[in-house]
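Have a look at the structure below, then the notes.
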Amino acid sequence: MARSFGPVIFVHGGAGNVAPDLVELRRAGLRSAVANAWQLLAAGGCAVEAVEQAVKTLEDDPAFNAGRGACLNRDGEIELDASIMDGRNLAAGAIGAVKRIANPVTLARAVMEAGGPVLLVSEGARQFAAAVGIKECGADALVTERQRARWASLWEGNVERAGTVGAVAIDRSGHVAAATSTGGLPLKMPGRVGDSALIGCGTYADDRLGAASCTGDGEAIIKLALAKSALEFLQTGEDPMEAARRAVGELTVRTGAQVGIILLDRYGRIGVARNTAQMICACIRNDNTDPELFD
Ligand code: ASP
């Protein structure tokens, strides 16, 4: 099958229940994320640049659980996970449980570009960020009032969650990329690293298959290597929507956990599935520059 689609950018804003006052803010954030990334793709930019740009836009938006606005861990601190992968050559970079980094996806991309270790955590990630000129922000710069209040209410049993961000893209040359960024699960144990930092689990991209970004219960996503498993279903010619549904369906049967996934196959056809009440997504494809929204 010849590639018959133009560039595509497809993003998600996390699986779970979205607080009613956040729904419109998240829709608007996702629209601007795809619009920003689309500008790069339309100008001939590569898929990696597009997914980094989309995720960065969402990290800067306090309506999402990534970068500024991320949820707090058990100790009331923000620890961030992110990863990015380039389908051209399987280059990948990730960071886990980092503090005081406003754009974790950019740090993950720097790890990828350095071409050494794929995943950096802790003090090593901090030193690497300094070495490549990515500055730390103040301890409270990423903490929003909403997340501070939510942290307090979570101790009383309110387990509302969602807001991880992710993007998949295909560029004019047919190369794919994926990226994911999150504050993880509210009240998580300090040092806990979820699927969003793990290649094959929360994020995967391979020009021979496609690209995927996941969200939801990270422990279940890790156990089933959800991003890579979903893309492997494409190998047998499965339709991308079917591949996404099958991957989420199998995870549901095996673990009962709550997750969502977006993906693209190598022809630029999109797939999306979730077993949660909501997962707001936006897409620009086929040179139609009006973002399409999926709830
Ligand atoms: N998958 C993320 C994690 O477990 C959380 C989420 O997507 O809501 O860290």
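First listed ligand is number 1; within each ligand, the first listed atom is number 1. All residue numbers refer to positions in the sequence shown, counting from 1.
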Report task. Side-chain contact test, heavy atoms from C-beta onward, threshold under 4.5 Å: evaluate it for Leu251 versus Val253 and give yes or no. Result ->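 No, their side chains stay 4.5 Å or more apart.
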Query raised in the report: Given Lys188, Glu79, Arg192, which has its nearest heavy atom closest to atom 9 (O) of ligand 1?
Result: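 Ranked by closest heavy atom to atom 9 (O) of ligand 1, first place is Arg192.
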Requested in this report: Look at atom 3 (C) of ligand 1 and find which of Thr180, Ile221, Asp195 reaches it with the closest heavy atom.
Outcome: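 Residue with the shortest heavy-atom distance to the ligand atom: Asp195.
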Query - Min N/O separation Gly216 to ligand 1 under 3.5 Å - result: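 Between Gly216 and ligand 1, an N or O pair is found under 3.5 Å apart.
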For ligand 1, which atoms sit closer than 4.0 Å to a heavy atom of [X]?
X	result
Gly218	4 (O)
Gly184	9 (O)
Leu185	4 (O), 5 (C)
Thr164	2 (C), 5 (C), 6 (C), 7 (O), 8 (O)
Thr215	6 (C), 7 (O), 8 (O)

Query raised in the report: Counting heavy atoms not belonging to Glu123, are there more than 12 under 6.0 Å from its CD?
Result: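 Buried by this count: over 12 neighbours within 6.0 Å.
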**Report entry** Ala15 to Thr215 - nearest heavy-atom pair and separation
**Finding:**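 Ala15 and Thr215 have their closest heavy atoms at N-OG1, 3.0 Å.
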Query raised in the report: Taking the side chain from Asn65 and the backbone from Gly183, do they hold a donor-acceptor pair closer than 3.5 Å?
Result: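 It does hold such a pair.
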Query - Main-chain N/O of Glu242 paired to Asp239 side chain as donor or acceptor, under 3.5 Å - result: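 Yes, the answer is positive, given that a donor and an acceptor are paired below the 3.5 Å cut-off.
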When the side chains of residues 201-208 are checked against the rest of the protein, which donor-acceptor pairs come out under 3.5 Å, sequence neighbours left out?
{"unit_1": "Thr203", "atom_1": "OG1", "unit_2": "Ser83", "atom_2": "OG", "d": "2.7"}
{"unit_1": "Thr203", "atom_1": "OG1", "unit_2": "Thr180", "atom_2": "OG1", "d": "2.6"}
{"unit_1": "Asp206", "atom_1": "OD1", "unit_2": "Arg208", "atom_2": "N", "d": "3.0"}
{"unit_1": "Asp207", "atom_1": "OD1", "unit_2": "Val176", "atom_2": "N", "d": "2.9"}
{"unit_1": "Asp207", "atom_1": "OD2", "unit_2": "His175", "atom_2": "ND1", "d": "2.5"}

Which donor-acceptor pairs under 3.5 Å do side chains of residues 47-56 form with protein atoms, sequence neighbours excluded?
{"unit_1": "Glu49", "atom_1": "OE1", "unit_2": "Cys46", "atom_2": "N", "d": "3.4"}
{"unit_1": "Glu52", "atom_1": "OE1", "unit_2": "Arg109", "atom_2": "NH1", "d": "2.7"}
{"unit_1": "Glu52", "atom_1": "OE2", "unit_2": "Thr106", "atom_2": "OG1", "d": "2.8"}
{"unit_1": "Gln53", "atom_1": "NE2", "unit_2": "Thr57", "atom_2": "OG1", "d": "3.3"}

Query raised in the report: Does ligand 1 have any atom that is closer than 4.0 Å to a heavy atom of Gly14?
Result: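 For ligand 1, residue contact (heavy atoms, under 4.0 Å) with Gly14 is absent.
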Query raised in the report: Heavy atom of Asp81 under 4.0 Å from ligand 1?
Result: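 No, that is not the case, since the closest heavy atom of the residue is not under 4.0 Å from the ligand.
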